[in-house]
Amino acid sequence: MFGYVVANTDKLTPEEKKQYKAFYCGLCKTLGTRNGIISRFTLTYDMTFLVLFLSALYKTEIVVQTERCIIHPLKPHEYCLNEISSYAADMNVILAYYNFLDDWTDDKNVLSLGAAKLFEHQCMRIERQYPNQCRVISHCLAELYEIEKSGELNPDVPAKCFGKLMGEIFVLREDEYAKELRIFGTALGKFIYIMDGCMDLKSDIINERYNPMITTSSENFHEILNLLMADCIESYKQLPINQDKGLIENILYSGVWTKYESEKKKKSEVHK
């Protein structure tokens, strides 16, 4: 489901690339510090965007440091940390935990069950610290499971459910930005869910898995996704974000389309 909210690195300036990597590495380091080294393997660019976005909105002070790490032991690199890195790391772990449980429920994958158990202790701490976010995440995922199990053919129904989940993740605290952040996160979540359905349609049909886009013509995919992202960008414009604006807009205007365009290009080359 995740992995679509990424930067289009081909269109970033060298400084923006450096900043993007520093946020990513900072989140990776925070995951290891707060939730153990193994949690680093659950790292997503989607949660990197969460750190970048909320840091820009709240103009949160960032600590920039340089180190060598286990993954990149030879070359020192910069990473940046702040309080939002900690929040995003915890949301990353909660989402990974439920994803592992989902894999266990769907496929009875013993490895996924074992992975979920590795994070049980951390999830108990996160639930105490962020009870509202965790309650909404748990409720929405349970509801989404039932929607998908029922074979719901209206893609807007599961997309709204996943959108609600993402909307709550973007609300760091209940303040003057909470309403607009929920709207933005919800719009982004709906886009992610539908994009995932569009991208996985062929494999889901082959493997007889649920896909909300099965009754929708692939010719309409781009228009549908474009409308969903337009809603997301419109809500983004309501927030006073100026810090790292170029990087954020690269992701929202271009990066979220990279996987879709890459797949589209592969298909066109096959049919030549």
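In what follows, residues are counted from 1 in the order of the sequence shown.
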For Thr30, what residues pass the side-chain contact (heavy atoms from CB on, under 4.5 Å) criterion, not counting sequence neighbours? Arg34, Leu81, Ser85, Ser86, Ala89
Residue pair Gln122 / Tyr97, side-chain heavy-atom distance below 4.5 Å: no
One pair to check against side chain to side chain contact (heavy atoms under 4.5 Å, CB included): Lys164 and Cys161. What are the steps and the verdict? CA-CA 5 Å; Lys164 183 179 179 181; Cys161 183; 5.9 Å; no
The complete set of salt bridge (Lys or Arg N to Asp or Glu O under 4.0 Å) pairs with one or both residues in residues 177-190, sequence neighbours excluded, reads Asp156-Lys190, Glu168-Arg182, Glu174-Arg182
Across all chains, not counting sequence neighbours, the side-chain contact (heavy atoms from CB on, under 4.5 Å) partners of Glu249 are Tyr236, Lys245, Tyr253
Between atom SG of Cys80 and atom CD of Gln19, what is the distance when rounded to the nearest 0.5 Å? 5.5 Å
Testing Tyr4, Phe23, Tyr24 for ring-ring contact (aromatic ring centres under 6.0 Å, His included) with Tyr45, which one passes? Tyr24
Heavy-atom distance under 4.5 Å between the side chains of Phe191 and Cys232, does that happen here? no
Distance-only donor-acceptor hits, side chain of residues 47-62, under 3.5 Å, sequence neighbours excluded:
unit_1 : atom_1 : unit_2 : atom_2 : d
Thr48  : OG1    : Thr44  : O      : 3.2
Ser55  : OG     : Val51  : O      : 2.6
Ser55  : OG     : Asn82  : ND2    : 2.9
Tyr58  : OH     : Asp175 : OD1    : 3.4
Tyr58  : OH     : Asp175 : OD2    : 2.7

Pair listing, side chain to side chain donor-acceptor pair (under 3.5 Å) test, anchored in residues 222-235, at least two apart: Glu234-Gln238
Looking at residues at least two apart in the chain, or sitting in another chain, which of them share a side chain to side chain donor-acceptor pair (under 3.5 Å) with Arg125? Asn35, Asp90, Gln129
Applying salt bridge (Lys or Arg N to Asp or Glu O under 4.0 Å), which residue pairs with at least one partner in residues 4-18 are found, sequence neighbours left out? Lys18-Glu78
With sequence neighbours excluded, what pairs up with Leu118 under the side-chain contact (heavy atoms from CB on, under 4.5 Å) test? Ile38
With hydrophobic residues grouped by side-chain heavy-atom distances under 4.5 Å, do Ile147 and Met166 end up in a single group? no
When clusters are formed by joining ILVMFWY residues with side-chain heavy atoms under 4.5 Å apart, either directly or through shared neighbours, do Ile251 and Leu225 land in the same one? yes
Contacts of Glu127 that satisfy side chain to side chain donor-acceptor pair (under 3.5 Å) - sequence neighbours left out: none
Which of parallel (below 30°), tilted (30 to 60°) and perpendicular (above 60°) describes Tyr130 and Tyr87? perpendicular
Residues passing the side chain to side chain donor-acceptor pair (under 3.5 Å) test with Gln65, sequence neighbours excluded, are Tyr79
Using only atom types and a distance under 3.5 Å, with no angle test, would you say the side chain of Asn207 pairs donor to acceptor with the backbone of Ser203? yes
Under the side chain to side chain contact (heavy atoms under 4.5 Å, CB included) rule, what do Met195 and Trp257 come out as? Steps first, then yes or no, please. CA-CA 9 Å; Met195 172 65 84; Trp257 293 98; 4.2 Å; yes
Can you name the residues that form a side chain to side chain donor-acceptor pair (under 3.5 Å) with Lys29, not counting sequence neighbours? Glu67
Linking I/L/V/M/F/W/Y whenever any side-chain heavy atoms sit under 4.5 Å apart, do Leu227 and Tyr260 land together? no
Okay, side chain of Thr42, backbone of Ser39: is any donor-acceptor separation there less than 3.5 Å? yes
Starting from Ile94, can I reach Leu101 by hopping between I/L/V/M/F/W/Y residues whose side chains sit under 4.5 Å apart? yes
Please tell me whether Leu239 and Ile233 are part of a single hydrophobic cluster in this structure, the criterion being side-chain heavy atoms less than 4.5 Å apart. yes
Taking every heavy atom of Pro212 against every heavy atom of Tyr193, the minimum-distance pair comes out as CG-CE2, 3.5 Å
Salt bridge between Lys160 and Glu152, side-chain N to carboxylate O under 4.0 Å? no
Test side chain to side chain contact (heavy atoms under 4.5 Å, CB included) applied to Phe221 and Leu201, step by step: CA-CA 11 Å; Phe221 283 0; Leu201 182 58; 3.7 Å; yes
Between Ala7 and Tyr20, what is the shortest heavy-atom contact and its length? N-OH, 3.1 Å
Quick one: side-chain contact (heavy atoms from CB on, under 4.5 Å) partners of Asp204, sequence neighbours excluded? Asp200, Arg209, Asn211
